[in-house]
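Note sheet for the following structure.
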Amino acid sequence: MKKRYLRGILGSAFLACMMLGATGCSESVMDEINKNTSNPPVNSVDGRFQLTNAIMSMAFTTYGGLYSWTAASYTEQIFGDGGSQMMYAELRDPLVTAAPTTFNNEWNNTYHNLLNIAQMIAKCENGVNAGQEDLEGMGRVLRVMGFSALTLLHGDIPYSEALRDYIRNPKLDKQEDIYADLLKEIDLAITCLENAKEKGSANVGVQDILFQGDVGKWLGFAYAVKSRLLLDGSLRYPGNYTLALQSAEAALDNGFAGAELSIFNGVDADNSWAAYFRSRHYSGACATVACLMEERQDPRLPIYAADLFETGVLYAPAGDAAMAESIDNVGGPLWLKNEAATIHLFSEASLRFIIAECKARLGQDFQNDFREGVKASIADYVKSAGNANVGIDDPEAYISSLGTVGLKEVMIQKYLSQSRDEQIETYNDLRRLIAGGENYVTLQNPNNTDNGQNRWPYCLPYGNSDVVSNPNVAAAFGSGNSAGYYIFTIPLWIFSN
């Protein structure tokens, strides 16, 4: 078949040359032979068409897929059950928790998306989208989100040499260096978006499924991403509290009211959490969250711990082996049955709690920011319930019942708020707080330790595709019986002191 195919190509080339007569066969003619005009090269495609996939993949694969589902078990915001993958996460089985195959798809697909984003940015710098700073700024925001997720989940990762087709085995960059570069990258994104906003640029249109081409909203989002990145690094750099506060307030000044994907209709487009629950029932309500809500008479409790299977079991104690092995038994959040629920890349409530935490640490009045955070979270919970029509009559009464609060309550309410679908950031928060000796949220899973050995992962293992093919990643992953077990013993640079 291959020989016949080659003869066909050569025959076509010969025919083309004969048609040119005595003038000979030029290189330009040869270049056109056998070109697939229905599948043009990537560098000729308008980058705005790549933006749609970049947003969708960031929401589905990186922030709304297995990374988030598993982190939700580690943070005890969602109970993992169903006798399979999430059960092993709930039971902290090290043979699964530390395995390179566990997050291989998410590792690969996030890097694939980052390659797509890199191509998009390159086209804005010197290509078919040259000078389109709105598209470039959007791409750079997404690039920061993708790489920050990878390094905050995995630690040292391929970065400076990644996504280069001439480097087969990219080195691992130190997290400290990656963090510093991402801060530069988000500043560049902000500059691009500010310039685009001033010029009134509108090069993206409907391909932007997040903000419909609204550059001002992207600018607010960029400042929010910067504030979160700064806060994540505050254990290493205490001065970041001031900088994170400034960025968070700049986000609000630019109209930030959350970044959430809302294209789902429950018919031909489903929220990833709901699709996962419908197909496998691996998610339920956890007592660690439910009990905090019960203590506060929190009106969000019926939304978080609903009797989804009419068994009378609303939630499960973290790490309960018998319940983890069951299916169609543990109740759970109503958003798991709402295929049209939005996916957050960054909620308004999370930003409000960043402001409250920073102000609290800086000795400033944060009570109103705290109240706004709780109010935004309650509104999001109600919206997430969908057709269940669960309302909260008087959210202000609940907020008032909390009284004047301290930093601990700020972090607890942020934890409850992010139980909706921002568990990756909660995982970051908990590791940062635990390293600083601030155990504001007490984890209850008895499997977090086993015979005196830690089994609560400080990070996630690398993806198998690189463990088996890149010697640099393989060396970091380790070999033998203890391969991958570094995740239980070595805190990440950014979450250690």
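From a predicted model like this one, the values you see are computed outputs, not experimental measurements. No hydrogens, no waters, no symmetry mates; every other heavy atom, side chains included, goes into these values.
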Pair Phe264 + Phe60: ring centers closer than 6.0 Å: yes
[X] side chain to [Y] backbone, donor-acceptor under 3.5 Å:
X      : Y      : answer
Ser417 : Lys414 : no
Glu90  : Gly80  : yes
Thr110 : Trp107 : no
Asn439 : Thr442 : no
Asn472 : Pro170 : yes
Asn447 : Arg92  : no
Gln453 : Thr449 : no
Asp320 : Pro317 : no
Glu106 : Gly65  : no
Asn254 : Ala250 : yes

Show which side-chain atoms of residues 282-290 pair as donor or acceptor with protein atoms under 3.5 Å away, not counting sequence neighbours.
{"residue": "Tyr282", "atom": "OH", "partner": "Ser84", "partner atom": "OG", "Å": "3.3"}
{"residue": "Thr288", "atom": "OG1", "partner": "Glu76", "partner atom": "OE1", "Å": "2.7"}

[Y] and [X] side chains, donor-acceptor separation under 3.5 Å:
X      : Y      : answer
Glu294 : Tyr315 : yes
Asp181 : Tyr159 : yes
Gln413 : Ser377 : no
Ser496 : Arg236 : yes
Gln297 : Ser401 : no
Asn53  : Gln50  : no
Arg420 : Thr342 : yes
Asp421 : Trp273 : no

Tell me whether [X] is salt-bridged to [Y], with the criterion being a basic N under 4.0 Å from an acidic carboxylate O.
X      : Y      : answer
Asp369 : Lys359 : yes
Arg296 : Asp298 : no
Glu357 : Arg432 : yes

NZ (Lys337) with more than 12 external heavy atoms under 6.0 Å: no
Over 12 foreign heavy atoms within 6.0 Å of CG, Asp393: no
What is the ring orientation for [X] with [Y], classed by angle as parallel under 30°, tilted 30 to 60°, or perpendicular over 60°?
X      : Y      : result
Tyr304 : Trp335 : tilted
His281 : Phe309 : tilted
Tyr179 : Trp493 : tilted
Tyr67  : His154 : perpendicular
Trp456 : Tyr458 : perpendicular

Pairs touching residues 270-282 that satisfy salt bridge (Lys or Arg N to Asp or Glu O under 4.0 Å), sequence neighbours left out: Asp270-Arg278, Arg278-Glu339
Heavy-atom closest contact (Met86 atom, Ser73 atom, distance): CE-CB, 4.2 Å
Lys NZ or Arg CZ of Arg431 over Phe495 ring: under 6.0 Å, within 45°: no
State the [atom1]-[atom2] distance between [X] and [Y], to the nearest 0.5 angstrom.
X      : Y      : atom1 : atom2 : value
Ser148 : Glu425 : OG    : CD    : 8.5 Å
Leu351 : Tyr223 : CG    : OH    : 13.0 Å
Leu231 : Ile354 : CG    : CD1   : 5.5 Å
Leu460 : Thr97  : CG    : OG1   : 9.5 Å

